[in-house]
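Just so it is clear, the structure is predicted and the values come from calculations on it, not from any experiment. Along the sequence shown, the residues carry numbers beginning at 1. Ligands are counted one by one from 1 in listed order, and the atoms in each one are counted from 1 as well.
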Amino acid sequence: MDKPVDERPYSPGLEGVLAGETSLAKVDGANGRLTYRGYPIVDLVQHGTYAQVAELLWTGEWPDTAHLPCAPLPSPVLVALRALPVDAHPMDALRTATSVWGAVNRPGWPPTVEQARALTSLAPSALAAFARLRDGREPIDPDPELELAAGFLYQLTTETPDPAAARALDAYFITGAEHGFNASTFAARVITSTQSDIASAVCGAIGALKGPLHGGAPSEVVNQLHEIGSVERAEKWIDEALDRGERLMGFGHRVYRAYDPRAAALRTVAEGMAGMAEWLELAVAVEDVALRKLAERHPDRALKTNVEYYAAAVLQGVGLPPDLFPATFALARHAGWTAHVLEQASANRLIRPDVRYVGPAERSLPGVPVAR
Ligand code: COA
């Protein structure tokens, strides 16, 4: 094929390309630091709540207190969830609920903090309702007193969650709230840049997060530890997996070259959870072996523990079924997605990059004489 005429720089996957500006999260991969509007993630997890973090992301202000309960589901959303097959992907159920909410409420341009709040508080109710419906159980109304994470657990189980479990899931929500220009956030910003509505942007983001290259799989960490089974088996299991060219789940990251600060924060949370001691003992021992083996095999590539490793501990510890893990991550990311929608709209410019054409040169259709 002829050499492309267009010689402008091109980076597959937009890797390393600056595609916007944000004042929301700073992801410092080299040093393993993550801040939301300048505040370190570890401090936000230790001293804040998801409701405060969401307000911080949406408004730029740190409120002394904040209350963000789950919203009741509008009847058309419930009708749509009831119409889904019981084996529908939970992420599809969440996207459907968001889409129906958008069709009913028709959120206008420009997007507002109230719209962001409404969508973020709808999502846990929608996911919990779908989880119950697929098991043949009726959804229940949210408890307006409970915060988002606790309210989600309540709507799943009909029991007011243990405060420690609610706190642990809230901490997980904080670590998952925002992470720069990842694929789903970028998708939301592209959609917003056309002056489309916030529900469409979040639908697009959920669609992007559903892909296995993005949504992550803490459930695979659970399977991995289950297969390893005991500390004594860890070394052999890991060697064999690496010999087969497999990847260890919960290790490595595109951006972080140091220990993922979210993993460190969630490990502390998991250590404080009841009933996790045995699982954590195995997880910590396996992590030590895995880090040693990865360092031996990739001396030039820093492969450290990522957020999924200890997210698995927290999500399992609060009793969530593993197939709800990716959609639960989507619930947490709502604050970040919608904050990016607001940020994009506040200084909007249509996102419309160029593409390098590599197809045939201009030519005639078969049987048609060369024109002009
Ligand atoms: N286990 C074993 N080897 C790994 C690894 C892992 N978890 N992550 C990366 N590597 C190896 C690769 O095989 C590659 O080796 P090679 O150079 O011999 O081919 C080298 O390290 C670089 O890999 P690369 O794919 O370029 O790393 P990346 O930084 O672009 O990939 C991930 C990032 C997250 C996709 C990757 O680390 C991974 O697949 N991790 C496991 C899944 C996971 O935990 N995902 C959640 C992420 S939050």
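- A salt bridge is absent between D197 and R106: the closest approach of a Lys/Arg side-chain nitrogen to an acidic carboxylate oxygen does not fall below 4.0 angstrom.
- Within 6.0 Å of the NZ atom in K293, the count of heavy atoms belonging to other residues, nucleotides or ligands exceeds 12.
- Residue F251 has at least one nitrogen or oxygen atom sitting less than 3.5 Å from a nitrogen or oxygen atom of ligand 1, judged on distance alone.
- At a heavy-atom cutoff of 4.0 Å, ligand 1 is contacted by the side chain of H298 but not by its backbone.
- Partners of R233 by salt bridge (charged side-chain N to carboxylate O under 4.0 Å, His left out), not counting sequence neighbours: none found.
- Evaluated by nearest non-hydrogen atom to atom 47 (C) of ligand 1, the leading choice among D300, V307, T305, N306 is N306.
- Every N/O-N/O distance between L303 and ligand 1 stays at or above 3.5 Å.
- A salt bridge does not link E178 to K26: none of the charged side-chain nitrogens sits closer than 4.0 Å to a carboxylate oxygen.
- Using a non-hydrogen distance threshold of 4.0 Å, R257 registers as a contact of ligand 1.
- For R247, heavy-atom contacts with ligand 1 shorter than 4.0 Å involve the backbone as well as the side chain.
- Residues meeting the side chain to side chain contact (heavy atoms under 4.5 Å, CB included) test with P69, sequence neighbours left out: H67.
- Looking at ligand 1, you won't find any N or O of E308 less than 3.5 Å from one of its N or O atoms.
- Under the 30°/60° scheme for interplanar angles, the aromatic rings of Y50 and F173 are found to stand perpendicular.
- For ligand 1 and G250, the ligand atoms under 4.0 Å from any heavy atom of the residue are 43 (C), 44 (O).
- Classification of D239 and R297 as a salt-bridged pair holds, one side-chain N sitting under 4.0 Å from a carboxylate O.
- For L242, the heavy-atom gap to ligand 1 drops under 4.0 angstrom.
- The distance from ligand 1 to the heavy atoms of L294 drops below 4.0 Å at these ligand atoms: 1 (N), 2 (C), 3 (N).
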